[in-house]
Amino acid sequence: MAIVLGPNQYGKAENRVVRTQRDTPRHEIRDINVSSALRGDFSAAHLEGDQSAVLPTDTQKNTAYAYAKEQGLTSIEDYGLALARHYVDDVEPVQGARIEIEEFAWERVSIDGVEHDHTWVRRGQEVRLAAVTVEGTADAQQTWVTGGLKDLVILKSTGSEFHGFLTDPYTTLVPTTDRVMATSLVATWHYSSLDVDWEAAYAGVKNVLVRTFAEVHSLALQQTLFQMGKRVLEAYGFIAEVRLSAPNKHHFLYDLGRFGLENANEVFHADDRPYGLIQASVLRDDAPAAGPAWDAYTGLV
Ligand SMILES: O=c1[nH]c(=O)c2[nH]c(=O)[nH]c2[nH]1
């Protein structure tokens, strides 16, 4: 029996990079949390303490900031692609690189209806996600890009039912034909092409997800999730798979009868835990193999 080194990767996680563009009086801003992980033969570092193949994580941090300047940050996908390709193309021992990015949105402040040039408020909405994996060099190079969002808190006050479920001696849930449905959606999607307008695709997918949540008369969160994924795939031929994770943020009718008050689906207790957690992947039956597209590094993306 021998004890051997298994899969390993290393990098700098959660570099908080804020890139402003200030060439004109009207500035632009992008605010990201970027992580890089390098894969390759780093066995000497693990087995012998030999660092000769190890590009320090500190260097990876510096590169994230330098690339924000040199490459710009017009979309997190393009920035991630540039970083990942740099590591596999330019750093000899690196055989694969994964770049994971969260983006926090800022909204330009308006004063008396006029947009301010250089002041924003943080948008309380979702965090945008991207992950780029590049493996191999030169002609044998393969690239996988996923996009996504998380913390998209969305609620509908009707148009949701849940009944007809399996029961057993422990079942107490009361069937309902009218309930509040709410979630904090995580959705990620795998692009089967790199020839994509990343900004437009993100905005479009988010729009389809939100619209579907609103429009589908839901018999279960499961049904809503499938419809969300399906409609994204129908709208965007260059997306191969959508993965959805949705905590069911339960809203329980509060018992006002004890005070002689009627409660016709008007007053709820918003419970934070436990929560149902519904997860589904929706994909084309001829989707190309996802390879390492979903192999997470930080778990944030
Ligand atoms: O949309 C739902 N799906 C479930 O699986 C479930 N289970 C439950 O208790 N409530 C709900 N709601």
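On a predicted model such as this, the values are computed, not experimentally measured, just so you know. One-based numbering, in listed order, for ligands and for the atoms of each. The chain is numbered in sequence order, starting from 1.
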Quiz item: Heavy-atom distance to atom 2 (C) of ligand 1: which of His163, Glu161, Arg179 wins?
Solution: Arg179

Quiz item: What is the closest protein heavy atom to atom 8 (C) of ligand 1, and at what distance does it sit?
Solution: Phe162 CE2, 3.6 Å

Quiz item: Where the side chain of Arg284 meets the backbone of Ile239, is there a donor-acceptor pair that is under 3.5 Å apart?
Solution: yes

Quiz item: Please state which protein non-hydrogen atom is closest to atom 9 (O) of ligand 1 and give its distance, to 0.1 Å?
Solution: Leu173 CD2, 3.5 Å

Quiz item: Taking only heavy atoms of Asn248, which atoms of ligand 1 are found under 4.0 Å from at least one of them?
Solution: 2 (C), 11 (C), 12 (N)

Quiz item: Going by distance alone, is a donor N or O of one side chain under 3.5 Å from an acceptor N or O of the other, for Thr177 and Glu161?
Solution: no

Quiz item: Hey, which atoms in ligand 1 end up nearer than 4.0 Å to a heavy atom of Leu221?
Solution: 1 (O), 2 (C)

Practice problem: Determine whether the side chains of His86 and Gln71 contain a donor N or O and an acceptor N or O closer than 3.5 Å. | Solution: no

Quiz item: Counting heavy atoms not belonging to Glu92, are there more than 12 under 6.0 Å from its CD?
Solution: no

Quiz item: Do any N/O atoms on Gln222 end up under 3.5 angstrom from N/O atoms on ligand 1?
Solution: yes

Quiz item: Which pair of heavy atoms, one from Lys12 and one from Tyr297, lies closest together, and at what distance?
Solution: N-OH, 4.0 Å

Quiz item: Any chance CZ of Arg273 has more than 12 other-residue heavy atoms, nucleotides or ligands included, within less than 6.0 Å?
Solution: no

Self-check item: Atom indices of ligand 1, in the order listed, that fall short of 4.0 Å to a heavy atom of Ala220
Solution: 1 (O)

